Structure formats: C-alpha cells, structure tokens
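As structure tokens, the structure follows; a few thoughts come after it.
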2 protein chains.
Amino acid sequence: MAKKKTSIKDIAKALGISITTVSFILNGKAREKRISEELTKKVEAYIQQIGYKPSHLAQSLRLGKSKVIVFMVEDISNNFFASIARLIEEKAYKNGYKIIYCSTDNQPEKAKELIATFKMRNVDGFIITPTPDLESTILELLDEGLAVVLFDRWIPEIDCSYVVVENEISAFEATKHLIQQGGCKNIGFITVESNQTQMLERLKGFLKAVEGSDVEHTIFKVKFHAIAEQEASKSILEFFKSHDKLDGIFFSTNYLAFEGLQALSRLKKKIQKEIKVVSFDDHYFFNLYQPQISAIEQPLELIAEKLMESILLQLDESNQGRKFQQITLPNMLHVRQSSEISD
Amino acid sequence: MAKKKTSIKDIAKALGISITTVSFILNGKAREKRISEELTKKVEAYIQQIGYKPSHLAQSLRLGKSKVIVFMVEDISNNFFASIARLIEEKAYKNGYKIIYCSTDNQPEKAKELIATFKMRNVDGFIITPTPDLESTILELLDEGLAVVLFDRWIPEIDCSYVVVENEISAFEATKHLIQQGGCKNIGFITVESNQTQMLERLKGFLKAVEGSDVEHTIFKVKFHAIAEQEASKSILEFFKSHDKLDGIFFSTNYLAFEGLQALSRLKKKIQKEIKVVSFDDHYFFNLYQPQISAIEQPLELIAEKLMESILLQLDESNQGRKFQQITLPNMLHVRQSSEISD
DNA sequence: AATTGAAGCTAAAAGGATTTATCAAAAATA
DNA sequence: TATTTTTGATAAATCCTTTTAGCTTCAATT
C-alpha cells in the first residue's frame, strides 16, 4: 500500500532537468524566468499526465504560510456559529484556505491554550468570538503579524478588525415595537450574566427604549452556572412566578427564549394574549412555534461574507498599509404573532 | 513585528551543542540515546525558559504525518453534525489532532474534490458521511494507508470502519409503538428520495412493522430538489391534503418533521388527537413544541466517542494488524405527547 | 578579436525538524 | 600494554518546496 508520493524531484529526474526549472514552471514563472516555451509545455504535459500535486506541507514550511484559518467560537454546535461555519467554508476553500474549528465555551484559559497550540501550527489567521480576558493574547497575535477578525462580540480596547451587528439599535427598536405595537406596559428583559459586548449593547438598547417611556421594566440575568447546568429554565420560571405582572418579554438571545417559552408554557401563560414576546437571534423554530415568535434576525450571509473579506484582506500580501475593518451590520426584526395585538 | 520564531537550531547554537542532541532531548530519547543527565537538565531548563515549541509543520514534513483529521459531513450547520463536531473536537485535541471540517451537500463531485485537496495537504484521516458514488475514492484513501471512518451512513461494498445506529430496529419499534400505544390504523412514512443507507434502513424497519399488521400505510418520498429549494413543506402539505385519512406519521428525520409540523398546523390537524407523530433524530425543539413530539434519539456522545476511538486506532502506529471496527449503536425512543393516546 | 548582453537553465541554500551512521574519549577487558 | 566496549555526543541525510545567485552558450556590439 501507500505508494510514496511523487515529488518535484521525481519529475525533474524523469525529464532530465533541474528541480528549479520544474518549480518555476509550476508556479507560472516560466515566462518571467525565461524558460523556453517548448520545455514549459513538455513539463506541463508531464505534470498533467502523472497528476502531480505539490505538497502543501513543504510549501508551508518554505513560505511560512499554512493557508489555514482557525474558526474559534464559543460553541461550534450552537446553531448561529455552525451556520456561520457553513457559510465561511466555501469562501475559504475558494481562496485556497482550510478551516480548523474549535470551541472555547467562553473560557479564557481554554481559549488561550487553543491559540497557543494553533500558533505553533503556523496557522495564518484567526476568526474569533473572544472570551473575557483575552486582550493580551489577541494583541500578541496581531503583534506577530497574524490575521485576526473578531465577531459576534468585540474588545473595545483593541484596535483590530471585527464584524458585529447593530445590537443596541435593534434591541431599541424591538423594545419600541413591544411598547407601540404590542401595547406592553411592563416588560422583562432576560439576558445572561456576562460582560460580552453584544449582550451589554442589547441591554443598553432595551433600557434606552424603556426609559424614555412610562413603561415599567425588570432586568433578569440568568446566572452563568444555571446555563451551564441546564437550569436556566428553572431559573427563568422562578423569575416569571415572582413577576406575574409582566405583559412583555425580551429575550436577549434565542436559547434563553427557548427556555423561557418552556417556562411560560408551564405557567399556562398565553403568549400574545397575556404576554408579548420578542427575542434576539432569529431561529427556524420561532417560525414553527405556536404562536410564532417575533425575533431579530442577524444577517448570517453578510456576516460570513464580511468575515472572510476582512481576513483575506489581512492575509493578502500584495496589499499593504492599514488593513483593519470595523464593520457593524444591521439586523432585521421579524414581527410575528407573539408580539402583535391579538384579535 | 513578527520576530522570527526560535528553532531547534537556535537552541543548539545558544547552548553550544548539536541539533541532534536537542532533538533527542525534546523527544524524550535522552536516556535511550545516552545523553548525560546533566546536559539533559540544562537543555530542558533552557527550553522551558524561552518557551520553545517545535514547529508542527517541519515535524509533519519530516514524519509524513500532519496530525490533522478531516470531518467531512453533508452539512456542518445541521444540528446533528454540528453536535458531533463539538463532541469529537475535545477528544481530537486531547490526542494532539486538529480537525478540519467541510460540507459535501451530499454531492459526489464536491466530496471527491474536497478529498483530493485534503490529500495533498497530507491529512492523516477522514471521518466521512459518504455521498453516493464515493466507493472508489474511499477505496483509494484506504489503499494509500489513510485512516477512514464512515458514519451516519455506510457503504456496503467497502470493508472499513464505520459507526452507525440501529436504524431498522428503532424505526421498527417506533412504528410498533405508533400502532400499539398510539392505536394508529393508517400510517404515513415521510422520507427523502435518496439511497442513503440510513434512510433505507429506517424505511425497512417501518415496513417490517407495518406489514405484519392490518395497518394501512403510505410512503412519501420528498423529492431532492424540493428539499434543496425549501419547498419540502409545500410538498408535504400536498401529501397530507391528498391523504387525509392518515392517523399516524413517521418522519424519517427531524428536518422533515419540522416541515411536516408546519404543514399539519396549516391544515389545523390536531397532533395527538387526530394524528399521532413520531420522528427519527431527536431534537431540543421536539420537547418544546406543543404538543411535545415523540422522537428517536441517536446517542451522540457515544457516536462521537466511537468515531474517535476508531480513527485513533487506525492512526496508532504501534498497533498493527486488523484495525477496522464496525459499530452499530442503539437509539432511544422518547415517547412524548404526540404519540400517546389523548385523554 | 575582444567584450557585452541575453537566453536558458541549474546548483545550492533555506525552512525546521528527525534519524542514521559515525566518531572521539573514557572505561573495561584481556 | 594492547584491545575491546561503553559512553556521550554529533555530522549529515532526509522530508519537499521556493528562490537567489550563478553558470553556460550563443548572438550582438565595438
């Protein structure tokens, strides 16, 4: 088995020419390096015939570029991240890059360790949803000339590329919608206890909308351990029990909404009739659920596109000068039954 | 920026010894190669101090192993595959392997192209959900000594490792359940038009259960283009309209069920009261839906575990001889409201 | 005839590791 | 004392490319 791969050396030997010549031809430098057209054709034909492909490993070693991008997210099995993974995949392959994924679980130590292992693998770039406490590590990456793009959340202290969405504005608008179209007078905002920028921005948008009005509001932050131990539902249930005056709920992300929906159904609360609901991060099921749940959709394709555009820009050797892009994309509120006046 | 990485050469020079010695010590061969304890300690201390890590690229080139496993699935954004991705990730990293993912969309050409690109990247192994028409490509991989494990579906013609689940038995049991506990007399089986082994096995199990009884049944295969173009829901709706006598439905996979649920809700069919429902591939949402949907859960953790076990076995150099494992795991039927007698 | 220039191709270094074969000095044996 | 063994370390080949610097040969110029 395992017949050993043919190398550029074998080709040179077979044709009785030098390795250098073959390499030049392979890299399309035949003209530039004045290799005769005749020889060029002959070599190309031979390469074609035996189906030779250069070793990426050797190329990487020589060139110091591995053509690998790391996609480091909080949890690759999460629908949002998996969808982005799917979308960046094609663009990466089209540009000759491969993608290695990994999940941090939002744990700084894990993220740092992963980054360290990848660095010694000579990867070229990182697409990252940063965990807390990651500034110095990311600064190091940038310092070493690696391509970095943050997404979903970002780090205010660091000047680098990122792709995020208009969290504050969208949360503001969705809250306004709950008030104006939904007629809510007492809204609960359910979020996670964490300092992730995207969550803080959503909260900020909510507060802005609610504070300018005569609407009452309550903020509930689900404890981190509750999410980890899948007790979020119970925790949210307790919250609802002790706040039965609420006539509107804003979930800061879809997995909280899922837990919340379960809690509401257990309490026999009638969504839409008794309580309006809207969630950040649209999901297939929001359409399927009865009643359908209003939600803010992030522009996945656009995010993926911008992510790749941004990282490829940094990886592009020919391009010099400032390469950082800071992109904030608009979302789209899907108004469904859960936040409309019931008839 | 980008201060160049220190190499083993630098270490040798700094300590005034040879590269060979450093390499031996790095690889824990100091004793075997009779390097004095004194020197060994000195070198180790220095390595520790400057935080040197060997270049994986150079190692890979030299050793012909890249420590990379390809995870090639139908669609990485699919919840099932993304979950497996998440689970194998840790085990891979723990064993020094990295995982590159890619999606085939079940297209043979795409799969072949991807495999070709990865081969020239010197990856060590493949975890694959095979598309149709992939026998020869996979045989080539095996022939070249690469580690291969198929999962989800397999290729009967090829003798190699795979990890699948008891599709037929579980489908049989779930159908029996519909008949016996659900009291169904006329069951529809909704599946995709495809020859994927797992789908055929599920159908087989269904037929076996239904043919031994006096229960009527109808098979409906959603056309491939309908799924691709997101017209599955419409197509299923039509099916339901033309088969309004059905009192039970078996969905061969969860995404068909989601579409089917939408169709049923549009038809105002009361699940549980008028029609029992069960689906293959359990999903978080089945618990959340009202009524909760009965479903067959695949043992994700176990699948992931066996996948890694099986591929690591093949990658293990020390182990020789037969290395193929053919594993079939049992599923678990979660009986929920949708298939129970309504009270 | 001597010099210059271009055309066409190649030797060899570099990139960072592993490993085989070898060597010098010290210790053990005859 | 002469010979063999052991100890401790290393030079150099190898993995497969890319790329710099250089080497012929032949034609053109002075």
Side-chain angles (χ1 to χ4, degrees), chain A residues 2-44 47 50 52-67 96 119-124 317, chain B residues 2-44 47 50-67 96 119-124 145 317:
Chain A
K3 50 198 167 201
K4 77 169 183 302
K5 290 194 50 168
T6 54
S7 74
I8 202 171
K9 197 173 171 181
D10 303 320
I11 296 174
K13 203 183 293 172
L15 296 177
I17 57 177
S18 83
I19 291 178
T20 313
T21 308
V22 180
S23 176
F24 283 152
I25 293 172
L26 275 167
N27 295 344
K29 297 190 179 168
R31 171 135 291 147
E32 175 191 345
K33 297 294 179 177
R34 296 194 301 270
I35 308 296
S36 68
E37 208 158 312
E38 189 192 344
L39 184 55
T40 305
K41 286 222 172 107
K42 184 172 150 196
V43 173
E44 278 171 347
I47 286 167
I50 64 166
Y52 164 82
K53 299 275 179 226
S55 151
H56 265 256
L57 270 178
Q59 285 180 329
S60 298
L61 178 60
R62 178 63 235 239
L63 301 176
K65 306 269 154 221
S66 61
K67 289 274 182 181
K119 274 208 291 195
M120 79 174 131
R121 285 239 174 198
N122 293 75
V123 303
D124 296 340
E317 308 255 76
Chain B
K3 51 199 166 200
K4 77 169 182 300
K5 289 194 50 167
T6 53
S7 74
I8 199 171
K9 198 172 170 183
D10 302 321
I11 296 175
K13 202 182 295 171
L15 296 177
I17 58 176
S18 82
I19 291 178
T20 314
T21 308
V22 180
S23 176
F24 284 152
I25 293 172
L26 275 168
N27 296 342
K29 296 189 180 168
R31 171 135 291 147
E32 175 192 345
K33 296 293 181 179
R34 295 194 300 270
I35 308 297
S36 69
E37 208 157 312
E38 189 193 342
L39 185 55
T40 305
K41 286 222 171 107
K42 183 172 150 198
V43 173
E44 279 170 347
I47 286 166
I50 64 166
Y52 165 81
K53 300 276 180 226
S55 151
H56 266 257
L57 269 179
Q59 289 185 142
S60 298
L61 177 61
R62 177 65 235 246
L63 301 176
K65 307 269 156 220
S66 62
K67 288 276 184 178
K119 275 210 290 199
M120 79 173 130
R121 284 240 176 197
N122 293 74
V123 303
D124 297 339
E317 308 255 76

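As the structure is a prediction and not an experimental result, all values here were calculated from the model. Below, chain A is the first sequence line, B the second, and so on; all start at residue 1. Heavy atoms only: backbone and side chains are in, while hydrogens, waters and symmetry mates are out.
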Please state how far atom [atom1] in [X] lies from atom [atom2] in [N], giving the value in whole angstrom units.
{"X": "A:Gln59", "N": "C:dG16", "atom1": "CD", "atom2": "C1'", "answer": "17 Å"}
{"X": "B:Leu61", "N": "C:dT19", "atom1": "CG", "atom2": "C1'", "answer": "14 Å"}
{"X": "B:His56", "N": "D:dC15", "atom1": "NE2", "atom2": "C1'", "answer": "17 Å"}
{"X": "B:Leu57", "N": "D:dT17", "atom1": "CG", "atom2": "C1'", "answer": "12 Å"}
{"X": "B:Leu15", "N": "D:dT10", "atom1": "CG", "atom2": "P", "answer": "10 Å"}
{"X": "B:Asn27", "N": "C:dA17", "atom1": "CG", "atom2": "C1'", "answer": "9 Å"}
{"X": "B:Leu39", "N": "D:dT7", "atom1": "CG", "atom2": "P", "answer": "17 Å"}
{"X": "B:Arg31", "N": "D:dA9", "atom1": "CZ", "atom2": "C1'", "answer": "16 Å"}

Minimum-distance nucleotide to [X] side chain [options: [options]]:
{"X": "B:Ile8", "options": "C:dC9, D:dT20, C:dT18", "result": "C:dT18"}
{"X": "A:Thr21", "options": "D:dC16, C:dG16, C:dC9", "result": "C:dC9"}
{"X": "A:Ser36", "options": "D:dT19, C:dG16, C:dC9", "result": "C:dC9"}
{"X": "B:Arg62", "options": "C:dT10, D:dT18, C:dT19", "result": "C:dT19"}
{"X": "B:Ser55", "options": "D:dC16, C:dG16, D:dT10", "result": "C:dG16"}

Do side-chain atoms of B:Ser23 reach the backbone of B:Ile19 as a donor and acceptor pair under 3.5 angstrom? no
Could you walk me through whether A:Ile11 and A:Thr6 pass the side chain to side chain contact (heavy atoms under 4.5 Å, CB included) check? CA-CA 8 Å; A:Ile11 296 174; A:Thr6 54; 5.6 Å; no
List the atom of [X], the atom of [Y], and the distance in Å for their closest heavy-atom pair.
{"X": "A:Ser18", "Y": "A:Ala12", "answer": "C-CB, 3.8 Å"}
{"X": "A:Lys5", "Y": "A:Lys53", "answer": "NZ-O, 4.0 Å"}
{"X": "A:Asp124", "Y": "A:Lys67", "answer": "OD2-N, 2.5 Å"}

Residue whose nearest DNA chain D nucleotide is more 5′ - B:Ala58 or B:Ile35: B:Ile35
I want to confirm an ordering. Mapping B:Val22 and B:Leu63 to their closest nucleotides on DNA chain D, which one lands closer to the 5' end? B:Val22
OP1 or OP2 of [N] under 4.0 Å from side-chain N/O of [X]:
{"X": "B:Tyr52", "N": "C:dG16", "value": "no"}
{"X": "A:Lys29", "N": "D:dT19", "value": "yes"}
{"X": "B:Ser23", "N": "C:dA17", "value": "no"}

Exactly one of A:Thr21, A:Ile17, A:Thr20 should register a side-chain contact (heavy atoms from CB on, under 4.5 Å) with A:Ile35. Which one does? A:Thr21
Under-3.5 Å donor-acceptor pair between B:Ser60 side chain and C:dA17 base: no
Should the side chain of A:Thr20 and the base of C:dA11 be counted as holding a donor-acceptor pair, with the cut-off at 3.5 Å? yes
The residue, B:Arg34 or B:Lys53, whose nearest nucleotide of DNA chain C is more 5′ is B:Lys53
Classify B:Ile19 by what it touches in the nucleic acid, base, sugar-phosphate, or nothing, heavy-atom distance under 4.0 Å. base
